[in-house]
Amino acid sequence: MKILVLPGDGIGPEITDATCQVLRAAEAALGVGMEFETRDIGHAGLASSGTTLPGDVLDRVPEVDGVLLGPVSHYDYPPRAEGGINPSAELRTVFSLYANIRPCRSRPDLSILRKPMDLVLVRENTEGFYSDRNMYAGTGEFMPDPDLALSIRKVSAKACERVARTAFELARGRRRKVTAVHKANVVKLSDGLFLREVRKVAAGFPDVELEELIVDAAAALLIRDPERFDVVVTTNMFGDILSDEASELSGSLGLGGSINAGDTICVAQAQHGSAPDIAGRGVANPTSLILSAAMLLDWRGHRDGNPALVEAGALISGAVDATLDDPATRTRDIGGALGTAAFADAVIAHLAKIRENAA
């Protein structure tokens, strides 16, 4: 499996290095062939190539089996005309990575919930309220005069249908329930279109229950009754906010994996940002990116019919779980004492234990 590694900004290089160390350990344990190729993006790409997302990186993406994307500081980039491209948004739109898939599961001693959470949030990834990525040319935000700013929301039937299908397919392998989150009582046309397409897809999955919830209620019920959720599907910005809420409730934003998946291309990406304030100190928690890499292996393994990759993804996830279960092997942000590299070493040690116990 060929993996393109894009370290990004801030803590990105540190957590991508830790993640690659874990991937190499899983490769050695299972004999899964992996090749790693690293390219500069973000501020490093801007310095070396004049752009935060060089063209040769984009060209390489469809030629590899998966992408490991570190956090990026796109808020600090110069204008697009001066090379400041948001790599995360660009990859999603150029390669139609329409489904952002984020599992959220309660962690012992870390969740603040009174009831357990075990859900997957499937977020439409290419349009919606994200005005920087929903136009063919230019941006969906503009200012007719200095005191008026307008923003366009884009919702298409095609995008709604394909993300809904992803959600129902996931639910069929879980507890067979999909919750469609919307605001159709206010944005009647755009969220009405979203619900229309979700219902069409639901008709083809009679074994999966469909529930519809207004986003306000969904945000509250994630706290009060998290057990009711299995797979949640929603539009771009609602999904971004709700998945962050769910991750924090289940333990920490730094503990949730995330992939951006299309039909043939998948990008693993941590849920959190680049945290430049702690960059270079070796204290960043790499859990989110490690779990995202495990999801990438699972996605590629199922798509290609490669059980060894599926096993590798499960092995990494299990090792992360075992590491987080022990307060002594947690990172500092969640009450432990370990830094980035030491946490990766602890995960690798659990990989070996799991393999020994299975032998």
Side-chain angles (χ1 to χ4, degrees), residues 1-28 30 32-74 77 83-101 125-126 133 257-274 284 286 288-304 306 308-310 312-313 316 344:
M1 180 176 180
K2 295 180 180 178
I3 299 176
L4 181 62
V5 181
L6 308 175
D9 304 310
I11 61 172
E14 299 162 68
I15 65 171
T16 53
D17 181 67
T19 300
C20 288
Q21 294 299 325
V22 172
L23 287 171
R24 290 188 178 96
E27 174 191 21
L30 296 173
V32 181
M34 294 187 201
E35 299 177 20
F36 300 89
E37 176 183 333
T38 301
R39 299 286 186 95
D40 285 339
I41 61 165
H43 286 297
L46 187 66
S48 62
S49 305
T51 174
T52 54
L53 186 60
D56 61 340
V57 173
L58 275 178
D59 292 341
R60 188 66 177 136
V61 169
E63 299 173 346
V64 298
D65 299 307
V67 178
L68 187 66
L69 175 64
V72 292
S73 301
H74 62 87
Y77 293 169
I85 300 169
N86 179 352
S88 176
E90 196 77 359
L91 290 171
R92 296 177 188 190
T93 53
V94 169
F95 298 109
S96 294
L97 307 181
Y98 52 82
N100 180 214
I101 302 172
N125 215 17
T126 61
R133 64 201 69 175
S258 174
I259 57 171
N260 305 290
D263 292 330
T264 61
I265 294 172
C266 184
V267 174
Q269 181 180 16
Q271 285 197 33
H272 54 75
S274 60
S288 182
L289 193 59
I290 293 172
L291 288 176
S292 300
M295 291 177 66
L296 172 62
L297 298 183
D298 182 80
W299 182 90
R300 178 55 65 181
H302 278 102
R303 186 185 179 279
D304 294 352
N306 187 335
L309 289 177
V310 175
I316 292 171

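We're numbering straight along the sequence, starting at 1.
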- [ ] Could you check if a side-chain atom of L68 sits within less than 4.5 angstrom of a side-chain atom of L6, using non-hydrogen atoms only?
- [x] no

Task: Any side-chain heavy-atom pair of N86 and L53 under 4.5 Å - done: no

Task: Any donor-acceptor N/O pair, R60 side chain to R39 backbone, under 3.5 Å - done: no

Task: Nearest non-hydrogen partners of L4 and V57, listed with the distance - done: CD2-O, 4.2 Å

Task: Sub-4.5 Å side-chain heavy-atom contact between R133 and T126 - done: no

Task: Heavy-atom check, side chain of Y77 versus side chain of H43, under 4.5 Å - done: yes

- [ ] Kindly compute the distance separating CG (L297) from NE2 (H302), expressed to the nearest 0.5 Å.
- [x] 12.0 Å

Open item on the list: What's the separation between atom CG in D9 and atom NE2 in H74, rounded to the nearest 0.5 Å?
Closed with: 10.0 Å

Open item on the list: Could you walk me through whether H272 and I15 satisfy the side-chain contact (heavy atoms from CB on, under 4.5 Å) test, starting with their C-alpha distance in whole Å, then the side-chain angles of each, then the deciding distance to 0.1 Å, before giving a yes or no?
Closed with: CA-CA 12 Å; H272 54 75; I15 65 171; 3.7 Å; yes

- [ ] Look at the side chain of N306 and the backbone N and O of A308, then say whether any donor-acceptor pair between them is shorter than 3.5 Å.
- [x] yes

Open item on the list: I'd like to know if the side chain of R300 reaches the main chain of D65, judged simply by a donor and an acceptor atom lying under 3.5 Å from each other, with no hydrogens or angles considered.
Closed with: yes

- [ ] Check whether any side-chain heavy atom of P54 lies under 4.5 Å from a side-chain heavy atom of D40, and answer yes or no.
- [x] no

Task: Nearest non-hydrogen partners of L46 and T52, listed with the distance - done: CB-CG2, 4.1 Å

Task: Pairwise side-chain contact, I85 with T51, heavy-atom cut-off 4.5 Å (strictly under) - done: yes

Open item on the list: Donor-acceptor check, side chain of T93 to backbone of E90, threshold 3.5 angstrom: yes or no?
Closed with: yes

- [ ] Output, in order, the C-alpha distance, side-chain angles, deciding distance and verdict of side-chain contact (heavy atoms from CB on, under 4.5 Å) for F36 and K2.
- [x] CA-CA 6 Å; F36 300 89; K2 295 180 180 178; over 6 Å; no

- [ ] Could you walk me through whether M34 and L23 pass the side-chain contact (heavy atoms from CB on, under 4.5 Å) test, one step at a time?
- [x] CA-CA 8 Å; M34 294 187 201; L23 287 171; 4.2 Å; yes

Open item on the list: Side chains of S258 and N100: any donor to acceptor distance under 3.5 Å?
Closed with: yes

TODO: Hey, could you give me the CD/CE distance between E27 and M1, rounded to the nearest 0.5 Å?
DONE: 11.0 Å

Open item on the list: What I'd like to find out is whether the side chain of T38 reaches to under 4.5 Å of the side chain of C20, using heavy atoms alone.
Closed with: no

Task: M295 side, atom CE; Q269 side, atom CD - distance, nearest 0.5 Å - done: 11.5 Å

Task: Considering all heavy atoms, the nearest S288-S292 contact - done: O-OG, 2.7 Å

Open item on the list: Testing the basics here: between I259 and C266, what is the closest heavy-atom pair and its distance to 0.1 Å?
Closed with: CB-SG, 3.8 Å

Task: Exercise: identify the closest heavy-atom pair between L309 and G301 - done: CB-CA, 3.7 Å

Open item on the list: Looking at Y98, I'd like to know if the NZ or CZ of R92 sits under 6.0 Å from its six-membered ring centre while staying within 45 degrees of the ring's axis.
Closed with: no

Open item on the list: Nearest 0.5 angstrom please: D17 CG to I11 CD1, how far?
Closed with: 13.0 Å

Open item on the list: Quick check: closest heavy atoms across A270 and L289, and the distance to 0.1 Å?
Closed with: N-CD1, 3.6 Å

Task: Donor-acceptor contact present, side-chain Q271 to main-chain G257, <3.5 Å - done: yes

Task: Polar side-chain atom of N125 near backbone of L97 as donor-acceptor pair, under 3.5 Å - done: yes

TODO: Answer yes or no: is there a side-chain heavy-atom contact under 4.5 Å between N260 and L69?
DONE: no

TODO: Calculate, to the nearest 0.5 Å, the distance between atoms CD1 and OG belonging to I265 and S96 respectively.
DONE: 9.0 Å

